[in-house]
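Only a predicted model underlies this, so the values are computations on that prediction, with no experimental measurement involved. Heavy atoms only: backbone and side chains are in, while hydrogens, waters and symmetry mates are out.
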Amino acid sequence: MKSKRHAKILEIIGKYKIETQEELSEHLEQEGFHVTQATVSRDIRELKLTKVADEAGRQKYVSWNEKLGDMSEKYHRVFREGFVSMDMAQNILVIKTVSGMAMAVAAALDTMDCHEIVGSIAGDDTIMCAVRTVEETEALMERLRKITEN
C-alpha cells in the first residue's frame, strides 16, 4: 500500500502544482487513499520531496531527483565552460580548468554523481581527484570527455 501511495504522490505532484500537505492529502483522498497529516508528512520526508518556486513565484512540491535532473544540465555546462584538459597519473585524475574556475568545476563534479571519485582538491586552475582504481579513472575520463563534446 505504501509503495502505491508513494507512486501516486509522485504522479500527483507531477500533474498538479501542490503547495501544501493539505492539498496533497485532498488529492490522495480523491484517489482513494485515506491518509493522516502525519502519514503525508512522513511520505514527503521518505520521498525526499522539496519545495521550489514555480514560474509565478509560488511554491510547489517536486521530487528531489526531478530537481537534480533539472540541474544536471547546468552542472554539465559549468563543467564544459571551465574545462581545459585532463590527464591521469595512475588513479589520480588531474583536470585543468580556465583560470579561476577550478572550484566551480569541482563543485559541478561533486553533484554529477561521479561515484568513482573518493575526494578532490581544487586550486585556481587545477583539480586533483583521487579515484579508487586505474580502471575507474579511465572510465570516468571517458564519461567526462562525452560531457565536454556536447
Side-chain angles (χ1 to χ4, degrees), residues 2-25 27-28 31 35 39-150:
K2 182 179 182 179
S3 62
K4 287 182 182 179
R5 189 176 63 246
H6 281 190
K8 185 54 72 176
I9 288 171
L10 292 173
E11 179 185 323
I12 290 169
I13 67 168
K15 191 183 290 186
Y16 305 102
K17 292 181 180 177
I18 304 296
E19 291 184 68
T20 65
Q21 290 184 13
E22 292 77 25
E23 284 180 62
L24 184 54
S25 294
H27 281 277
L28 285 168
E31 295 288 339
V35 294
T39 300
V40 172
S41 181
R42 188 171 34 257
D43 288 343
I44 288 169
R45 190 173 49 256
E46 289 173 359
L47 288 168
K48 294 183 173 70
L49 301 184
T50 189
K51 284 188 174 182
V52 297
D54 66 10
E55 308 81 38
R58 296 179 65 175
Q59 295 289 307
K60 68 175 187 171
Y61 280 108
V62 296
S63 156
W64 182 247
N65 292 335
E66 177 185 327
K67 186 178 176 192
L68 289 178
D70 293 343
M71 297 297 288
S72 70
E73 182 50 40
K74 291 179 185 178
Y75 292 123
H76 286 187
R77 188 173 62 245
V78 167
F79 183 82
R80 277 192 300 274
E81 289 176 3
F83 177 84
V84 173
S85 66
M86 66 182 151
D87 201 354
M88 63 181 275
Q90 296 295 327
N91 65 318
I92 303 292
L93 174 61
V94 178
I95 300 172
K96 291 290 196 175
T97 70
V98 173
S99 183
M101 287 289 292
M103 293 282 235
V105 172
L109 275 173
D110 287 345
T111 62
M112 289 170 31
D113 192 32
C114 297
H115 63 277
E116 303 92 342
I117 298 175
V118 177
S120 59
I121 301 170
D124 181 59
D125 65 353
T126 305
I127 304 165
M128 292 186 66
C129 303
V131 183
R132 286 184 173 78
T133 66
V134 172
E135 294 78 21
E136 285 184 332
T137 306
E138 292 167 343
L140 177 60
M141 286 177 72
E142 183 59 33
R143 212 167 83 218
L144 294 176
R145 246 186 231 104
K146 288 178 183 173
I147 292 170
T148 63
E149 292 169 357
N150 289 338

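By the neighbour-count criterion of 12 heavy atoms within 6.0 Å, atom CD of Glu142 is densely surrounded, having more than that number from other residues, nucleotides or ligands. Around atom CE of Met112, more than 12 heavy atoms belonging to other residues, nucleotides or ligands sit under 6.0 Å away.
One distance of note links CD of Glu23 with CG of Leu28; it measures 12.0 Å at 0.5 Å rounding. Between the CG atom in Leu140 and the CZ atom in Arg143 there is a gap of 5.5 Å [rounded to 0.5 Å]. Here the OG-CD1 distance, from Ser25 to Ile9, works out to 8.5 Å after rounding to the nearest 0.5 Å. The distance from the CD1 atom of Ile44 to the OH atom of Tyr61 is 3.5 Å, given to the nearest 0.5 Å. One distance of note links OG1 of Thr126 with NZ of Lys96; it measures 3.0 Å at 0.5 Å rounding. Considering CD1 of Ile95 and CE of Met128, their distance stands at 11.0 Å, rounded to 0.5 Å.
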For Val134 and Met88, what are the C-alpha separation, side-chain angles and deciding distance, and is it a side chain to side chain contact (heavy atoms under 4.5 Å, CB included)? CA-CA 9 Å; Val134 172; Met88 63 181 275; 3.6 Å; yes

Item to complete: Run the numbers on Asn91 and Glu136 for side chain to side chain contact (heavy atoms under 4.5 Å, CB included), then give the verdict.
Response: CA-CA 8 Å; Asn91 65 318; Glu136 285 184 332; over 6 Å; no

Between Asp110 and Ser120, is the side chain to side chain contact (heavy atoms under 4.5 Å, CB included) condition met? List the steps. CA-CA 9 Å; Asp110 287 345; Ser120 59; 4.1 Å; yes

* To do: May I have the step-by-step check of side chain to side chain contact (heavy atoms under 4.5 Å, CB included) for Cys129 and Glu116, ending in yes or no?
  => CA-CA 9 Å; Cys129 303; Glu116 303 92 342; over 6 Å; no

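When each of Lys60, Gln59, Arg58 is checked for a side-chain contact (heavy atoms from CB on, under 4.5 Å) with Lys51, only Gln59 meets the rule. Under the side chain to side chain donor-acceptor pair (under 3.5 Å) test applied with Asp43, the options Lys2, Lys8, Gln21, Arg5 reduce to a single match, Arg5. Checking each of Leu93, Ile92, Ile117 against Thr137 for a side-chain contact (heavy atoms from CB on, under 4.5 Å) leaves exactly one that passes, namely Leu93.
What you find for Ala104 and Val78 is that their closest heavy atoms are O-CG1, 3.7 Å. Closest non-hydrogen pair, Thr20 versus Ile18, comes out as O-CG2, 3.4 Å. Closest heavy-atom contact between Leu144 and Met86: CB-CE, 3.9 Å. In terms of heavy atoms, Ile13 sits closest to Leu49 at CD1-CD2, 3.6 Å. The shortest non-hydrogen separation linking Glu81 to Val98 is O-CG2, 3.7 Å.
Screening residues 80-126 for ring-ring contact (aromatic ring centres under 6.0 Å, His included) gives Phe79-Phe83 as the qualifying pairs, with residues at least two apart or on separate chains.
Remark: the backbone N or O of Ser99 is not paired with any side-chain donor or acceptor of Asp124 at under 3.5 angstrom. Proximity of a side-chain donor or acceptor of Thr97 to a complementary backbone N or O of Ala102 within less than 3.5 Å is detected.
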